[in-house]
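A quick write-up on the structure given underneath.
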Amino acid sequence: MRLLFIGASALALAACGQGGDTASGEEDVVALDTEKKAEAVETAENSKPSPGPQEKLAAVLATQSDDAKARYGARHPEETLLFFGVKPGMTVVDTLPGDPWYSGILSEYLGPDGLVVGADYSHDMWTYFQGFADEEFLKAKEVWTTTWVEEMEAKREEGEAPFAAFQYGSLPADMEGKADVVLMVRAAHHFNRLEDEGEFFTSALADTMAVLKPGGVLGIVQHRAPEDAPDEWATGDAGYVKQTQIIAMAEAAGFEMVDSSEMNANPKDQPTEGDFVWRLPPSLGTSRDNEELRAQMIEIGESDRMTLKFRKPA
């Protein structure tokens, strides 16, 4: 009987011991399982594909101000930038840069591996802008490459592209061959109208050729004059230039015509001699005190624009 009691006690103790080990083992399994799940979630997050250019650009455009968004229907920023092949990580030159058009948008879109380069008209060219290019204005333009970068850098947030700048006619040697895309959005008319005064368009296109990498893109959006309009009216003084004239200038500078798009066209805008582009929105320069005329201009909408894509030969 004693032996039986001892055997039963031993079995009971063994059972108690096994029960304790099982509880501890279950805790270890739960902890390990939780750790594995956390690792799996982290791995899944890290393995998510980065958003494509279109998705990222759409997200950036969605964060812009209501005033900017109100013009998307006329300016088509998503379609325009994608048409010119602008992608995150690129170096992009923005002629007559602004915030958001286009430098503010580009900084968010290009990201920390990209670079936004503002390009302004030359100081000499600005002297021909009678009416607002006074002494104070021209003095400010002498240091514009510094002040503009400082202004934009002060607004830049983490994860956005940094800024640089130059003025046409004085491209720094260390910028040559660095850009993927040069944008001339509604800027070519001033180059064209002042070509006879100082070959400013020729000079700007030469700088554009120099700053681009081989195979780089020149993207032009410009108010478009009807091809049958008088040449003397369609030089750019009224804001409008013929599409054939822009193409001829770019090709003469050595660029290859790649493509064109009607994404920024507006068939309602049919300017005639005597009209200037600033009669239309957003300027409405001729109708501020004339409600009837203002309504007519608003009905037309923003200008008819060409959208042209050129490439620097590889």
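The structure displayed is predicted, hence computed values, not measured ones.
Within 6.0 Å of the CD atom in E135, the count of heavy atoms belonging to other residues, nucleotides or ligands does not exceed 12. Atom CD of E176 sits in a crowded spot, with more than 12 heavy atoms from other residues, nucleotides or ligands closer than 6.0 Å. With a 6.0 Å radius and a threshold of 12 heavy atoms from other residues, nucleotides or ligands, E199 has its CD atom at or below the threshold.
One finds no salt bridge joining E291 and R294 here, because no Lys/Arg side-chain nitrogen approaches an Asp/Glu carboxylate oxygen to under 4.0 Å. With respect to E153 and R156, a salt bridge is recorded, a charged nitrogen being found less than 4.0 Å from a carboxylate O. Between R224 and E262, at least one side-chain nitrogen of the basic residue sits less than 4.0 Å from a carboxylate oxygen of the acidic one, meeting the salt-bridge criterion. Taking 4.0 Å as the cut-off between side-chain N and carboxylate O, E302 and R75 do not count as a salt-bridged pair.
Stacking of R193 on the aromatic ring of F129 is recorded, both the 6.0 Å distance cut-off and the 45° axial limit being met.
In this structure the side chain of Q222 never reaches within 4.5 angstrom of the side chain of R305, judged on heavy atoms. The closest side-chain heavy-atom distance from Y240 to D269 is below 4.5 Å. H223 is not listed as a side-chain neighbour of V241, based on a closest heavy-atom distance of 4.5 Å or more.
Here the rule is side chain to side chain contact (heavy atoms under 4.5 Å, CB included) with F310, and of V258, T208, I220 only I220 fits it.
When ring centroids are compared, Y168 and F200 stay outside the 6.0 Å threshold. Aromatic ring centroids of Y121 and F191 lie under 6.0 Å apart.
P53 is linked by a side chain to side chain contact (heavy atoms under 4.5 Å, CB included) to L82, K87, P88, Y109, counting only residues two or more places apart in sequence or in another chain.
A donor atom on one side chain and an acceptor atom on the other are found under 3.5 Å apart for D94 and S103. Side chain to side chain, W233 and D275 fail the donor-acceptor criterion of an N or O pair below 3.5 Å. Inspection of the N264 and T80 side chains reveals an N or O donor paired with an N or O acceptor under 3.5 Å. Using modelled atom types and a 3.5 Å distance limit, the side chains of E195 and T202 yield a donor-acceptor pair. A donor and an acceptor atom, one from each side chain of Q243 and E227, are nowhere located under 3.5 Å apart. Judged by distance alone, the side chains of N192 and Q245 do bring a donor and an acceptor atom under 3.5 Å apart.
In this structure, T63 OG1 and E108 CD are separated by 4.0 Å, a value rounded to the nearest 0.5 Å. One distance of note links CE of M297 with CG of L284; it measures 8.5 Å at 0.5 Å rounding. Here Q270 contributes atom CD and K268 contributes atom NZ; the two are 12.0 Å apart, rounded to the nearest 0.5 Å. In this structure, CG in D134 is found 7.0 Å from CG in L138, a value given to the nearest 0.5 Å. Atom CG of D124 sits about 10.0 Å away from atom OG of S203, to the nearest 0.5 Å.
Looking at D180, its side chain never comes within 3.5 Å of a backbone N or O of V92 through a donor-acceptor pair. Checked by atom type and distance alone, the side chain of W144 never pairs as donor or acceptor with a backbone atom of Q167 at under 3.5 Å.
Between H190 and W278, the ring planes are parallel. Angles under 30° get that label, and only those over 60° would be called perpendicular.
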| field | Worked verdict on D228 versus K242 for salt bridge (Lys or Arg N to Asp or Glu O under 4.0 Å) | value | CA-CA 9 Å; D228 60 356; K242 294 181 181 181; over 6 Å; no
